[in-house]
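Have a look at the structure below, then the notes.
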2 protein chains.
Amino acid sequence: MRCRGHHHHKPRPLSELAARLRGDAKKFTGPRKAVLEVLAAHPHPMTIKDVHTEARNECNLVTVYRALHLLEEMNLVKRFDFGDGVARFELLAEGDDGHHHHLICTECANVIQIEECFTEALEKGIALRSGFKAVTHKLEFFGICPDCQKR
Amino acid sequence: MRCRGHHHHKPRPLSELAARLRGDAKKFTGPRKAVLEVLAAHPHPMTIKDVHTEARNECNLVTVYRALHLLEEMNLVKRFDFGDGVARFELLAEGDDGHHHHLICTECANVIQIEECFTEALEKGIALRSGFKAVTHKLEFFGICPDCQKR
DNA sequence: CAGCAGTTGCAAATCACTTGCATCACATTG
DNA sequence: CAATGTGATGCAAGTGATTTGCAACTGCTG
C-alpha cells in the first residue's frame, strides 16, 4: 500500500505527544510510545493490525486498541472508515483536524490522499435546510488504480 | 426513526419483484416475500435486525442476511454504510440506482434522505488526476437533529 | 523510593456476519 | 395434481474485528 499526497502541517514531536499524554492524569507508557512511533513512521491510514505488526514486541493487540481509542479521544489521531469493516487511523499533525478524504483502489487497497474538500459549503446548506446542527460528513472515493487496470 | 425526503421513482410492484426473482433459476419463497414486504413498507435504510424484527415469524435471521445479499446482487436493494459497523438496506424503486446520501442524527439515529448529489463531477476530476478508473464514492452527513438540540 | 491510580496482558465475551449441513419447499414436469 | 430435483431454509458452529473482566504491573507524584 502506497500513499501519495502532501501534508501541510508540521508533524508533532514525540516529546509534545508525551506531554499531552501525561496531562489528564494519563501515563506516557512504553506501549503508547510504540504506537505513536509506528503511526509517525507511516503517514497512511493504518489498521490496528498494521500497527500491532510493527510494534509486536512492545505492545499487545488489545493495548493497541486501547491506545488508539485514547489517542482518538485526545484528538491526536483520526479514525477513517473505508467501509470494509476495519478501522484505520492516522496520526494528526499539529493544527490539522484531519479532515481530508481518500481514493482507495478496490483491487489492491492502494490509498491516495485527496486534498480537496468540497463539501464544506454544502454542510452549511444542509444544516440550514434540515435544521440540523454540527453537521459533518464522511466521504471516501473508490476506484481501480492504474496498476490494477493493467492486470 | 423518521425519514423525510422524496422518492422520484415509482415503487416496483411485488409481482414484478417476484418475477425478477423467479428468473435466474431463483425461487420466490415465503421468507424472501416477507423481506421484500418489510422493505417496501419502510422507505428507510433498514438494518438486518430491523428487517428480522418485522418479519420474525416468517424468516430466520440468517435467511434475512442471505435474502438481502441476493437482492443486493440483483440490484433490487442498495446497501448503505453509516459507519457504525451495521449494514443498512433500502429497496430500490424502478429506474432508481439508489445513488443518494443521508443526514443522520448522531444522537437519535433519525435519518433524512438528501437528494442532491454534488460529487459526480468531482469523481471525473479525481479520476483524471489520479489515473483511477470506475471512480465512485461513499458520502454520508452527520449532525444533531432539531429534536435532539432541545434535549 | 513508596504507594496508588492508571495500564497492561491474557482469556473470555460480544457483535455483525458467514458457512456447513441436513431438511424442506418452490416450480416444473408427467 | 402428485412426483422430483434443485435451490432455499434453519440450526449450530465458525469468523474476524473489537471490547471487557480481572489480576498483575508500572509510570508518576509526594
Side-chain angles (χ1 to χ4, degrees), chain A residues 14-38 45-74 76-89 109, chain B residues 14-38 45-74 76-89 109:
Chain A
L14 195 60
S15 58
E16 194 218 313
L17 295 170
R20 288 261 337 240
L21 262 177
R22 269 189 275 261
D24 271 350
K26 300 281 163 50
K27 292 175 182 175
F28 184 63
T29 61
R32 288 176 182 172
K33 178 164 176 281
V35 167
L36 284 169
E37 282 173 345
V38 168
M46 292 190 86
T47 67
I48 303 262
K49 273 193 169 172
D50 289 342
V51 175
H52 179 231
T53 301
E54 299 271 324
R56 194 176 290 280
N57 299 317
E58 293 131 291
C59 190
N60 178 277
L61 213 217
V62 177
T63 302
V64 178
Y65 274 96
R66 290 196 268 229
L68 285 173
H69 208 269
L70 172 69
L71 294 170
E72 186 186 10
E73 278 179 350
M74 297 178 72
L76 292 176
V77 306
K78 184 155 165 56
R79 176 191 300 255
F80 290 94
D81 172 18
F82 290 179
D84 61 353
V86 188
R88 285 173 173 78
F89 298 86
Chain B
L14 195 60
S15 58
E16 194 218 313
L17 295 168
R20 288 262 335 241
L21 261 177
R22 269 189 274 262
D24 272 352
K26 300 279 165 47
K27 291 176 182 173
F28 184 63
T29 61
R32 288 176 183 171
K33 179 163 175 281
V35 168
L36 284 169
E37 282 173 346
V38 169
M46 291 188 85
T47 67
I48 303 263
K49 274 194 169 171
D50 290 341
V51 175
H52 179 232
T53 301
E54 299 272 323
R56 194 176 290 280
N57 299 317
E58 293 132 292
C59 191
N60 178 276
L61 214 215
V62 177
T63 301
V64 180
Y65 275 97
R66 289 195 269 228
L68 285 173
H69 207 270
L70 172 70
L71 294 170
E72 187 187 11
E73 279 179 349
M74 297 178 70
L76 292 177
V77 306
K78 184 155 164 59
R79 177 191 299 256
F80 289 95
D81 172 18
F82 290 179
D84 62 352
V86 187
R88 283 174 174 79
F89 297 86

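Throughout, protein chains are lettered first and strands after them, A, B, ... in sequence-line order, and every chain is numbered starting at 1. Reckoned from all heavy atoms, side chains included, excluding hydrogens, waters and symmetry mates.
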Only one of A/Leu71, A/Ile48, A/Leu76 passes side-chain contact (heavy atoms from CB on, under 4.5 Å) with A/Phe89; say which it is. A/Ile48
Outermost nucleotides of DNA chain C that come under 4.0 Å of a non-hydrogen atom of chain A: C/dA5 to C/dA11
When every non-hydrogen atom of A/Leu21 is compared with those of A/Met74, the smallest separation belongs to CD2-SD, 3.8 Å
Could you report the tightest heavy-atom contact between A/Lys33 and A/Leu14, atom names first, then the distance? CE-CD2, 4.0 Å
Short question: side chain of A/Arg32, backbone of A/Lys27 - any donor-acceptor pair under 3.5 Å? yes
Donor-acceptor pair, distance only, cut-off 3.5 Å: does the side chain of A/Asn60 make one with the backbone of A/Val62? yes
Could you run through nucleotides 17-27 of chain D and give me one letter per nucleotide, 5' to 3': B if any protein heavy atom sits under 4.0 Å from the base, S if only the sugar-phosphate is that close, - if neither? SBBBB----BB
Nearest-angstrom distance from the residue atom [atom1] of [X] to [atom2] of [N]:
| X | N | atom1 | atom2 | value |
| --- | --- | --- | --- | --- |
| B/Asp24 | D/dA8 | CG | C1' | 15 Å |
| B/Lys33 | D/dT9 | NZ | P | 14 Å |
| B/Arg56 | D/dG10 | CZ | C1' | 15 Å |

Is the shortest side-chain N to carboxylate O distance from B/Glu16 to B/Arg20 below 4.0 Å? no
Applying salt bridge (Lys or Arg N to Asp or Glu O under 4.0 Å), can you list everything that pairs with B/Lys78, at least two apart in sequence or on another chain? none
Tell me what B/Ala25 touches on the nucleic acid: a base, only sugar-phosphate, or nothing, going by heavy atoms under 4.0 Å. sugar-phosphate
Can you tell me if B/Lys49 has over 12 outside heavy atoms packed within less than 6.0 Å of its NZ? no
